[in-house]
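Since the model is a prediction, treat every value here as computed from it, not as a measurement. Throughout, residue positions are numbered sequentially from 1 according to the sequence presented. Side chains included, hydrogens not; waters and symmetry mates left out as well; all remaining heavy atoms used.
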Amino acid sequence: MTKRFRSLILASVFAGTLQVPFAVAQDAPAAAEAAQDARARADSLVAQMTLDEKIKLLHGLFPPMAEGKTEETLVPSAGHFDALPRLGIPTIRETDASLGVANQVEQRKGDTATALPSSLATAATFDPDIAREGGEMIGAEARAKGFNVMLAGGVNLTRDPWNGRNFEYLGEDPLLAGTLAGAHIAGIQSNKIVSTVKHFALNSQETGRMVLDARIDEAAFRESDLLAFQIAIEIGNPGSVMCAYNKVNGDWACENDFLMNQVLKRDWGYQGWVMSDWGGVHSTAKAALAGLDQESGQELDSQIFFGAPLKAAVESGEVPEGQIDDMVARFLTGLIEAGVLDNPVPEHPQPIPYDVHADVAQRAAEAGIVLLKNEGDILPLATTAQKIVLIGGHADVGVLSGGGSSQVRSVGGVPIEVPLTEGAAMSFARLTYHNSSPMRALQAALPNAQISFVDGSDPAAAAKAAADADLAIVFATQWTTEAQDVHDIKLPDGQDALIATVAAAQPKTVAVMETGGPVLMPWIDSVPAVLQAWYPGQRGGEAIANLLTGRANPSGRLPITFPASADQPPRPAPVGLETLTSLEAQAAANPANAGAYQLKTFPVEYREGADVGYRWYEREGLTPLFAFGHGLSYTSFAYRNATVTGGDTITVSFDVVNTGERAGADVPQMYITRTDGGDPMRLAAFDRVTLLPGETRRVTLTAEPRILADYDTSLPGWRIAGGSYTVALARDATDRSQTFTAEVKPATMAP
């Protein structure tokens with residue numbers, strides 16, 4: 001990671017006694033003082049409120065369903081809280097989400113925004129500065145449009161490759177995901193608006209997301225998903241945390257005392273507020289006492305729990321008014337710390353430099369697209385290429401985006417938009433393409449080439465066109481969305497057969513993958529070049545063209561493991577899918593009694609525990625199709641003169657040398673494990689280094705101490721076992737070409 005954010009992750013030295021966590025800013029005393037000042041100011045405001053005013057701030061409207069429920073103007077968006085003008089508390093307007101200012105089904109007619117590439121693409125950059133720049137950009141647009149809370153900051157770890165919402169998150173590793181989420185949040189909040197971190201916690205599949213019970217033991221939980229949240233909060237200091245829909249170990253996440261009171265507020269000392277997910281509240285007193293501070297999107301709950309019922313619970317003594325005071329003070333503290341109270345958003349929309357912002361989106365896409373395979377150096381395309389055919393994926397008009405609350409209606413129009421006619425996402429998602437044509441971009445980049453397009457609906461016709469060309473580029477797509485998991489990780493609609501047919505006809509075939517996550521590639525041995533483009537955002541066509549032609553050098557690295565077969569991941573298909581499918585069929589057959597066929601609570605056992613993603617593959621002795629951290633370049637890099645030191649933590653210093661003929665970026669990675677422990681290796685540090693041809697740079701990677709440690713519930717806290725550790729200086733999670741050992745001192749750290 002860059003020095004700018006590494007300084008936020010590492011403290012200086014620790015002794016072998018219980019201490020505070022390490023992922024704190026170097027100016028932690030100043031930050032703590034500012035937080036205390038914000039809380040004191042919040043408490044002063046709360047002391048001036050009536051009970052009715054307090055309750056008013058603890059439950060918010062969902063504007064699309066809230067007509068006539070407020071005297072204020074309701075902007076169609078995610079959420080709304082009326083102002084308290086006499087106390088200087090402004091109207092709170094909330095917008096989705098992590099990829100830009102969302103307007104999913106065009107509730108705000110004509111309102112467009114800049115669309116970042118998917119969060120997986122940002123994760124693939126391994127670059128906190130790119131994550132922050134994206135956050136700064138979308139936060140600026142949110143502010144200019146009059147929003148002061150952005151529901152961005154998804155950090156749920158990818159436990160299953162078929163999760164419909166993987167594209168919104170930052171991959172499978174807690175250090176990578178937490179670091180980039182924190183940077184993204186910090187970027188958003190630099191605009192004096194609030195960002196959230198979500199969904200707390202274990203919202204790891206969409207099938208049955210409203211009812212499933214995620215089960216995992218505490219130590220494994222702390223070492224995986226919770227660690228990602230912890231790092232993100234320490235770096236980004238989000239004004240709010242959003243609790244998840246699902247249950248966690250038997251209790252709803254939004255009334256889970258362990259998650260909210262014990263972990264978040266006690267162990268981590270979090271000072272902001274916990275908001276519910278929309279439709280995620282199930283009780284009044286239990287939720288309030290368990291640490292939920294605010295009911296969001298109240299119209300989506302079965303009733304308004306934090307309105308009149310909460311006031312009644314206070315008046316009866318079931319909920320102490322001191323609890324209400326703390327809930328409101330946390331809300332105000334988050335707003336004050338982010339700068340919302342002192343920096344009102346404009347009353348009317350402000351001009352936005354969309355061209356400049358589009359460049360931000362394109363830079364993120366170019367840095368995050370991953371070159372998976374390049375046999376025979378078929379890429380980059382020669383400027384002398386004569387005849388190229390593009391096949392499939394609507395590459396003539398645009399690039400695919402993911403669906404759900406993060407869907408951005410991007411500047412430039414929507415060339416393809418298909419409403420859904422069934423499924424859980426039907427009401428708020430559309431299959432949508434951004435107006436960024438790879439074909440147009442390639443024609444501009446290669447003006448002397450003859451570039452044509454066939455839609456791929458007829459594999460035989462596509463094969464003929466490929467055989468007649470000098471090179472074929474097949475654009476493969478897999479649409480995923482919030483609220484629905486894909487049933488498997490195969491390419492849909494016969495695209496595997498299309499790619500195989502084209503490759504048989506044209507040896508020079510390139511596959512460009514626009515997918516929400518990993519997919520199987522049964523044709524991989526016959527396709528010499530594969531580019532993983534994710535959902536590449538508003539300038540995705542230009543980014544893809546620049547990488548194919550060498551105007552940009554691929555530098556993305558996989559933030560998620562690509563399985564070689566469907567049976568390699570811990571779960572081959574969504575848990576509960578068969579039951580859900582059966583219930584949906586029964587409801588369709590009995591429409592008059594459809595409500596009787598509802599999915600009930602069911603368990604999802606996370607048997608992999610803390611060994612998420614690449615660690616599962618190592619533990620089980622599985623060889624993936626492409627490993628976490630993998631990615632190729634048009635140049636080459638060498639790691640030389642490595643020295644390893646132990647002690648309080650582990651550092652590796654080494655020279656990174658660009659041994660090729662092009663400028664490019666490399667991502668050296670450090671993995672560690674106890675030498676005699678038998679545990680899978682863990683990513684402990686990383687950096688992104690950009691070098692000119694022949695350039696050398698000395699790099700030092702320092703292990704995040706909690707990656708060295710195990711979580712010990714008997715302390716409670718983190719325990720580093722003293723002794724010998726094995727260190728791999730690597731290009732991906734499977735690379736063991738350079739390994740070392742180092743002695744580490746025993747130590748413990750607070751939770």
Side-chain angles (χ1 to χ4, degrees), residues 49-97 101-111 142 145-151 193-194 196 210 240 242 245 254 273 275-284 287-288 292-315 324 327-328 331-332 335 340 344-349 404-405 407 409 419 424-430 483 595:
M49 292 182 189
T50 66
L51 178 57
D52 285 337
E53 286 175 326
K54 296 172 188 176
I55 297 296
K56 182 179 179 180
L57 295 180
L58 299 182
H59 60 105
L61 301 172
F62 181 53
M65 298 172 64
E67 284 297 327
K69 296 181 180 178
T70 176
E71 296 179 359
E72 295 191 13
T73 300
L74 276 177
V75 176
S77 60
H80 175 102
F81 292 82
D82 282 348
L84 287 179
R86 75 178 186 87
L87 296 175
I89 299 170
T91 301
I92 301 302
R93 292 192 172 102
E94 302 171 326
T95 179
D96 293 314
V101 181
N103 186 17
Q104 298 92 344
V105 291
E106 205 175 8
Q107 298 163 330
R108 302 184 300 278
K109 295 299 180 183
D111 186 21
K145 293 174 183 290
F147 296 106
N148 46 21
V149 175
M150 200 168 201
L151 308 175
I193 67 173
V194 165
T196 66
M210 305 292 290
S240 183
M242 183 190 295
Y245 285 130
C254 288
W273 87 96
M275 66 166 68
S276 71
D277 204 342
W278 275 232
V281 184
H282 299 269
S283 65
T284 297
L292 179 64
D293 299 308
Q294 190 177 71
E295 179 181 17
S296 309
Q298 61 189 26
E299 286 76 15
L300 294 175
D301 288 320
S302 60
Q303 68 175 74
I304 300 174
F305 290 100
F306 276 22
L310 184 57
K311 181 180 179 182
V314 173
E315 292 173 337
I324 300 299
M327 293 160 68
V328 177
F331 176 44
L332 297 176
L335 297 177
V340 171
V345 295
E347 294 183 9
H348 304 288
S405 60
Q407 174 68 60
R409 297 188 67 79
M426 182 174 63
S427 65
F428 66 102
R430 296 174 182 172

**Prompt:** What's the shortest heavy-atom distance between A429 and V105, and which atoms?
**Reply:**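 Distance-wise, the nearest heavy atoms are N-CG1, 4.3 Å.
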**Asked** Which pair of non-hydrogen atoms, one from S276 and one from L292, has the smallest distance, and what is that distance?
**Response**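 Scanning both residues, the minimum pair turns out to be N-CD1, 3.7 Å.
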**Request:** Look at the aromatic rings of W273 and F331 and report parallel, tilted or perpendicular, splitting at 30° and 60°.
**Result:**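 Aromatic pair W273/F331 classed perpendicular.
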**Item:** Side chain D52, main chain K56, donor-acceptor under 3.5 Å
**Value:**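 Pair absent, no side-chain N/O of D52 close to backbone of K56.
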**Message:** Main chain of H59, side chain of Q294: is a donor-acceptor contact present, judged purely on distance under 3.5 Å?
**Reply:**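 Flag not set: sc Q294 to bb H59 has no pair under 3.5 Å.
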**Request:** Before accepting this row, confirm whether a basic side-chain N of the pair R409/D111 lies closer than 4.0 Å to the acidic partner's carboxylate O.
**Result:**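 No, R409 and D111 are not salt-bridged.
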**Asked** Could you go step by step and tell me if L51 and E315 meet the side chain to side chain contact (heavy atoms under 4.5 Å, CB included) rule?
**Response** CA-CA 10 Å; L51 178 57; E315 292 173 337; 4.3 Å; yes
Taking the side chain as every heavy atom from C-beta outward, state whether [X] and [Y] have any atom pair closer than 4.5 Å.
| X | Y | result |
| --- | --- | --- |
| L61 | Q298 | yes |
| V149 | S240 | no |
| H80 | V75 | no |

**Point-to-point distance, once rounded to the nearest 0.5 Å, from CZ of R93 to CG of N148** =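 Reported to 0.5 Å precision, the distance equals 8.0 Å.
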**Request:** Dump the intermediate steps for side chain to side chain contact (heavy atoms under 4.5 Å, CB included) on I55 and L57, then the final yes or no.
**Result:** CA-CA 5 Å; I55 297 296; L57 295 180; over 6 Å; no
